[in-house]
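Quick caveat, the model's predicted, so the values are computed rather than measured.
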Amino acid sequence: MIVSPGKQLVLFYSAERRIRPGAAPPRPTAGRLPRLTRIMALAIHFDRALLTGRFQSQADLARAGQVTRARLTQILNLTCLAPDIQEQLLHLPAYTEGRAPLAERDVRPIAAEPNWTKQRSWFAKHST
């Protein structure tokens, strides 16, 4: 804003705060989300991108995601997990020291099992 010399500038300021209805946004958690949680979210995102036709093939998606086709397959295989296991992976607690308690390589053999009942029992053994 440019004000000419000799002119008076008047600014209006409202001290009224506007509060939007609804819940407050969640506060960030201390620590880091486990890598497995982030990869599970990525797997769901990639799966939706393929199902909606945003990408024509896994090869196109791999190029766009800058991963190899083999790595994309590993990530997408996580969507073969039982829905309740996927939800548990998405809600793993943040950690502050050392390594995450559960790694993706621990979950790969579970995702390869087509029977969700067996997956649940194997996951219960590995996640404790």
Side-chain angles (χ1 to χ4, degrees):
M1 177 189 304
I2 301 173
V3 178
S4 307
K7 298 267 183 167
Q8 186 177 12
L9 176 66
V10 179
L11 295 176
F12 294 99
Y13 175 74
S14 174
E16 178 184 334
R17 292 182 68 193
R18 293 184 183 163
I19 300 174
R20 295 184 203 147
R27 293 185 179 268
T29 58
R32 294 183 51 168
L33 281 178
R35 181 175 171 85
L36 183 53
T37 297
R38 295 182 304 221
I39 292 174
M40 185 71 240
L42 187 63
I44 293 169
H45 179 74
F46 281 173
D47 189 48
R48 278 210 186 109
L50 285 170
L51 290 175
T52 59
R54 192 166 151 213
F55 293 94
Q56 299 301 315
S57 67
Q58 286 188 7
D60 293 339
L61 181 57
R63 272 190 294 278
Q66 297 181 346
V67 295
T68 64
R69 287 183 292 173
R71 180 64 179 142
L72 180 69
T73 300
Q74 288 177 337
I75 293 170
L76 285 173
N77 282 345
L78 293 178
T79 61
C80 296
L81 290 166
D84 54 316
I85 295 175
Q86 290 183 30
E87 189 171 342
Q88 287 178 16
L89 294 180
L90 289 171
H91 294 96
L92 288 173
Y95 65 99
T96 55
E97 295 179 4
R99 292 184 172 192
L102 192 59
E104 179 200 356
R105 70 178 167 273
D106 300 328
V107 179
R108 281 187 209 149
I110 299 171
E113 171 58 51
N115 185 329
W116 285 356
T117 305
K118 289 181 182 178
Q119 283 184 4
R120 289 179 182 108
S121 66
W122 289 359
F123 184 73
K125 290 176 190 173
H126 284 90
S127 63
T128 55

Practice prompt. State the CG-CD1 distance between Asp47 and Ile75, to the nearest 0.5 angstrom.
Written response: 12.0 Å
Worksheet item: Which distance, rounded to the nearest 0.5 Å, do you find between the CG of Leu36 and the CZ of Arg105?
Response: 11.0 Å
Practice prompt. With sequence neighbours excluded, give me every side-chain hydrogen bond (donor to acceptor under 3.5 Å, both in side chains) pair touching residues 73-84.
Written response: Arg71-Gln74, Asp84-Arg120
Discussion item. I'd like to know if the side chain of Glu113 and the backbone of Gln119 have a donor-acceptor N/O pair within less than 3.5 Å.
Written reply: no
Item to complete: Give the minimum heavy-atom separation between Pro34 and Tyr95, together with the two atoms involved.
Response: CA-CE2, 3.7 Å
Worksheet item: Which value, rounded to the nearest 0.5 Å, describes the distance between Glu104 atom CD and Leu89 atom CG?
Response: 10.0 Å
Discussion item. Holding to side chain to side chain contact (heavy atoms under 4.5 Å, CB included), I want the full list of residues that pass it with Ala64, two or more places apart in sequence or in another chain.
Written reply: Phe55
Worksheet, complete the sentence: Of all heavy-atom pairs linking Ile110 and Asp106, the shortest is CD1-O, 3.8 Å
Worksheet item: Do you know which two heavy atoms are closest between Leu90 and Ile44, and how far apart they sit?
Response: CD1-CD1, 3.8 Å
Worksheet, complete the sentence: dist Arg69:CZ -> Gln58:CD (nearest 0.5 Å) comes out at 9.5 Å
Worksheet entry | Smallest separation among heavy atoms of Ala49 and Leu61, with atom names | CB-CD1, 4.5 Å
Worksheet item: Of the non-hydrogen atoms in His126 and Leu102, which two are nearest, and what is the gap between them?
Response: O-CD1, 3.9 Å
Item to complete: List the atom of Leu92, the atom of Leu33, and the distance in Å for their closest heavy-atom pair.
Response: O-CD2, 4.3 Å
Practice prompt. State whether the number of non-hydrogen atoms from other residues, nucleotides or ligands found under 6.0 Å of Arg108 atom CZ is greater than 12.
Written response: yes
Worksheet item: Do Trp122 and Trp116 share a hydrophobic cluster (ILVMFWY, side-chain heavy atoms under 4.5 Å, transitive)?
Response: no
Worksheet item: salt bridge (Lys or Arg N to Asp or Glu O under 4.0 Å): which pairs involve residues 55-65, sequence neighbours left out?
Response: Asp60-Arg63
Practice prompt. Given side-chain contact (heavy atoms from CB on, under 4.5 Å), test Phe46 with Leu50 step by step and report yes or no.
Written response: CA-CA 6 Å; Phe46 281 173; Leu50 285 170; 5.7 Å; no
